[in-house]
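Just below is one structure, and these are the notes that go with it.
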2 protein chains.
Amino acid sequence: MELEQLGSLRKTHYSSELSQKLNNKEVVVGGWVSRIRKLGKMTFIVLQDKFGTVQLTAKKGVVSDELFEKIKNIGNQWCLLIKAKVTLFEKAPQGVELIPIEIKILNTAIEQLPVDMTGKTMSDLDTRLNHRSLDLRHPQNQAIFRINSVLLNEIRKFLVKNKYTEIFTPKIIASATEGGTELFPIKYFEKDAYLSQSAQLYKERLCGVFENVFEIGPCFRAEKSFTNRHVCEIYQLDIELTFANFDDVLTALEGLVQHVLKQIKKQCKDDLILLGQWEEFKIPKIPFPRYTYQELLTLLEEKADMKIEFGEDFDTEASRKLGEILPGYYFITHWPMSIKPFYIMHDLDDPTISEGFDLQKGWLELSSGGTRVHDRNLLKQNLIDKGLNPEDFKSHLQAFEYGMPPHAGAGLGIARWLQVLTGINQIKECIMYPRTPDRLDP
Amino acid sequence: MELEQLGSLRKTHYSSELSQKLNNKEVVVGGWVSRIRKLGKMTFIVLQDKFGTVQLTAKKGVVSDELFEKIKNIGNQWCLLIKAKVTLFEKAPQGVELIPIEIKILNTAIEQLPVDMTGKTMSDLDTRLNHRSLDLRHPQNQAIFRINSVLLNEIRKFLVKNKYTEIFTPKIIASATEGGTELFPIKYFEKDAYLSQSAQLYKERLCGVFENVFEIGPCFRAEKSFTNRHVCEIYQLDIELTFANFDDVLTALEGLVQHVLKQIKKQCKDDLILLGQWEEFKIPKIPFPRYTYQELLTLLEEKADMKIEFGEDFDTEASRKLGEILPGYYFITHWPMSIKPFYIMHDLDDPTISEGFDLQKGWLELSSGGTRVHDRNLLKQNLIDKGLNPEDFKSHLQAFEYGMPPHAGAGLGIARWLQVLTGINQIKECIMYPRTPDRLDP
């Protein structure tokens, strides 16, 4: 079939912009056929665009014979540009439907679609991810990524308003940063290099220049992990505050979280409803509850008869149990120094306790951060204590020779947060093209 | 020297927020010592923070003896937190200076700084990049990256306002996209993979889902190029418009450029002055001039006696000459198909001419884009015509099987644009930690 040209016809409205105010007006809409019903003298098309759907009704006699014949050939997921008249239709979400005047068939689609786009039940995840370019058009996925857009935009608005400087830390790095496992090696001309697994060290250097900084950028983790919350390429929000301590970063982070949640509640009601999240969508009060690691050890023992040794991390089972007891947003503070990286500051009163924290939503760790070491000598000593070689961190230590300010910060996984916001259990669904140990394409 | 703790003291003002309105008020400022002058009974400190500098004057007898002694020990680039009284001082940019009441020495610095931070002349570039964490504090670099912040923020504001959806395309890819040279190979578990050199193919797939899309993300180019406008890791703005043609993307791009330039003029006057760019900072009129490739061949021959064969790209010499004749923003359109990639659409009247374009600022190519092929059969034929194997593009071609809309877009190098805006000749200075064939650290 010969595809039609756009010519001079352009979209005037998205589906979400249609309303009864436009009754009898001509509009141009464009998108994909998400459903088509042919009933003899009537054809109904549900056209989907990035903001929703609108129904087109073509009745023989009302639309021209030529147009009626053309419509009969149209199939699912074909790409159309349609000039139409708005007419009242109370049953539609916008209260209107469209009577087509002119239809341009801009592209066709194969007949046997590999993913079910109509039903409420979705195809299995592997099939969907194999045909992601189609799967992402599913209303549920559109809703997830509309929320993602608001999430990203509101994070940045909050940070820019609070005078954080946006930074870009390098993604190709010369040496293993936080220990050395879980890195993807890369051949960089004649040298060996790695993909950055975290913005941590560079953002610390840059907060010694630009004070409060942020980045939303990719991190690469060569973890052979097959859980529903790990992938190999993630986008992480990194913030670092200067002239700031532990309490300041908790305050900044909970302020950011609350701001974003308020905006999502305000801007994404329809999407939250579609995802079944509207009823339970709560704006948490500030300050978020804060529990020390030790308090949670006690809590798990008392409430769940679960014994965890001081110095052990919470495993999945313990995290699940914590999530049952504490379903909202809360901080875990005062982690043991022994399980925190070299750049985390210790408690001034008790060097076995760290000034590191996690921000949890129920059982899920959303963010992790803490006060950093800003004293070069202590940083070097911490490297040695962790069995690392200060020579490997020469250029990092150098950045601490010119008046590095006290600083504290956090990293937050964007897709993890999106999981929480959308109620999606599997992180791969919250990433457009996820990368896992067994998924590199598409 | 024992470093002091923050305690409960926090910054109340950045240097740029000080004004005569605050006369006699107490403020807390923090930052780095950029100059210190000790004259017997007077000590002057110029304190720098992320938004500028402020002078502190400590006069024996006015400040306590203890404080005066403490100040005498302070050195360049030490990190200080200072409670002080604001007092009028007409010669200062803000019209005030500060009389210190309390000074916390939060960190010291080595005495022999590797980079000259005081003079107007800067140290040589290699030395500066080797000590980038210090070098970036130089007022010129602070100005460059303050402009970068506004640039990024205003690009996103413009696009979000115009309903573009933010996308993240994967950076680890399974196969060579646009031909295969200039890619960094990476070991992805047991598979071979590459670092993405461009968001092109994935953003096209995603515009078939989210319509107009944008991304600001890293691209990796394994080019052994040592010019002043190439590096191996860049951040690129990618936009893609759907239900749109060639003219639409030119209009969108020039609208974006003009919006950003207006905002930079409005928000960055002091920085443009510092960089010597204020006088010549012009807002170009819309529409930008449009020249066909053929017109520029003729122009070069007539005005510069330079003969370029149809089908050849403009080399550096020709570009420089074009920049002399056309110093502003302008588009080059109608490039030969032969030097454009497979996904660029040809002119409907003349298949040897492409619907590809470049956006130039004088001699520098800022952006490149065009109408894309949205017809799967034509896309496959183009691959074959370019000597590429459609099998290698299987999952990409698949995305064109479900009603891909007509689309057109562009990619724009952030650091290149920052070069233009700041008048900086060397792109490495417009990137926080640049990556070149011989620079991987810091």
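Here the structure is a predicted model, which means the values were calculated and not measured. So you know, we letter chains A, B, ... as the sequences are listed, proteins then strands, and number each from 1. These values consider heavy atoms only, across backbone and side chains, with no hydrogens, waters or symmetry-generated copies.
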State, to 0.1 Å, how close A:Lys11 and A:Gly30 come at their nearest heavy-atom pair, and which atoms those are.
-> NZ-O, 3.1 Å
Part of B:Lys224 lying under 4.5 Å from any heavy atom of chain A | both
Inspect the surroundings of NZ in B:Lys191 and state if more than 12 heavy atoms from other residues, nucleotides or ligands are less than 6.0 Å away.
-> yes
Chain B heavy atoms under 4.5 Å from A:Thr242: which part of the residue, side chain, backbone, both or neither?
-> neither
Under 4.5 Å from a heavy atom of chain B, the part of A:Leu195 involved = side chain
Tell me, side chain or backbone of A:Arg10 under 4.5 Å from chain B's heavy atoms, or both, or neither?
-> side chain
Polar side-chain atom of A:Asn141 near backbone of A:Asp135 as donor-acceptor pair, under 3.5 Å | yes
Looking only at B:Asp248, B:Asp49, B:Asn130, B:Asp375, most heavy-atom pairs under 4.5 Å shared with chain A are made by B:Asp248
Checking heavy atoms, do the side chain of A:Pro114, its backbone, both or neither come under 4.5 Å from chain B?
-> side chain
Select one option (side chain, backbone, both, neither) describing which atoms of A:Val209 are under 4.5 Å from chain B's heavy atoms.
-> both
Tell me, side chain or backbone of B:Leu136 under 4.5 Å from chain A's heavy atoms, or both, or neither?
-> both
By side chain to side chain contact (heavy atoms under 4.5 Å, CB included), A:Asn76 pairs with (sequence neighbours left out) A:Val33, A:Ile36, A:Leu113
Do the side chain of A:Arg376 and the main chain of A:Tyr402 share a donor and acceptor less than 3.5 angstrom apart?
-> no
If you take all heavy atoms of B:Leu6 and A:Asn245, which pair is closest and at what distance?
-> CD1-N, 3.9 Å
Top contributor to chain B contacts, counting heavy-atom pairs under 4.5 Å, from A:Gly217, A:Gly208, A:Pro218 = A:Gly208
Which answer fits B:Lys171, side chain, backbone, both or neither, if we ask what part of it has an atom under 4.5 Å from a heavy atom of chain A?
-> both
Out of A:Glu401, A:Glu211, A:Gln77, which one racks up the most heavy-atom pairs below 4.5 Å with chain B?
-> A:Glu211
So, for B:Ser15 and B:Phe51, which heavy atoms are closest and what is the spacing to 0.1 Å?
-> OG-C, 3.8 Å
Part of A:Leu9 within contact of chain B (heavy atom distance under 4.5 Å) | neither
Sort A:Met404 into side chain, backbone, both or neither according to what part of it lies under 4.5 angstrom from a heavy atom of chain B.
-> both
With respect to chain B, which residue among A:Arg132, A:Gln48, A:Glu223 yields the maximal number of heavy-atom pairs within a distance under 4.5 Å?
-> A:Glu223
Proximal component of B:Asn377, with respect to chain A [non-hydrogen, under 4.5 Å] = neither
Spacing of CG belonging to B:Leu106 relative to CD belonging to B:Glu4, to within rounding of 0.5 Å = 7.5 Å
Chain B: which of A:Asp438, A:Leu134, A:Asp441 shares the most heavy-atom pairs with it under 4.5 Å?
-> A:Leu134
Parallel, tilted or perpendicular: ring planes of B:Tyr202 versus A:Tyr433, cut at 30 and 60 degrees = perpendicular
Shortest non-hydrogen contact from B:Ile431 toward B:Glu233 | CD1-O, 4.2 Å
Max heavy-atom pairs within cutoff under 4.5 Å with chain B, candidates A:Ile414, A:Leu3, A:Ile216, A:Leu152, goes to A:Leu152
Between A:Thr165 and A:Asn212, a side-chain donor and acceptor under 3.5 Å = no
Which answer fits A:Arg156, side chain, backbone, both or neither, if we ask what part of it has an atom under 4.5 Å from a heavy atom of chain B?
-> side chain
Is it the backbone or the side chain of B:Glu190 that comes under 4.5 Å from a heavy atom of chain A, or both, or neither?
-> side chain
Could you look at A:His131 and say if it's the side chain, the backbone, both or neither that has a heavy atom under 4.5 Å from chain B?
-> both
B:Tyr235, part contacting chain A, at a heavy-atom distance under 4.5 Å = side chain
Heavy-atom distances under 4.5 Å only: say whether B:Thr436 touches chain A with side chain, backbone, both or neither.
-> backbone
Find out whether A:Ser133 and B:Phe400 are in side-chain contact, i.e. whether some heavy atom of one side chain is under 4.5 Å from a heavy atom of the other.
-> no
For residues B:Ser149 and A:Tyr164, is any side-chain donor paired with an opposing acceptor at under 3.5 Å?
-> no
With no hydrogens and no angle check, is any side-chain donor or acceptor of A:Lys104 less than 3.5 Å from a backbone partner on A:Leu81?
-> no
Side chain, backbone, both or neither: which part of B:Lys163 has a non-hydrogen atom closer than 4.5 Å to chain A?
-> both
Which atoms of B:Glu166 come close to chain A, meaning under 4.5 Å heavy atom to heavy atom: side chain ones, backbone ones, both, or neither?
-> both
Closest-packed option against chain B by number of heavy-atom pairs under 4.5 Å, given A:Asp247, A:Thr169, A:Asn153 | A:Asn153
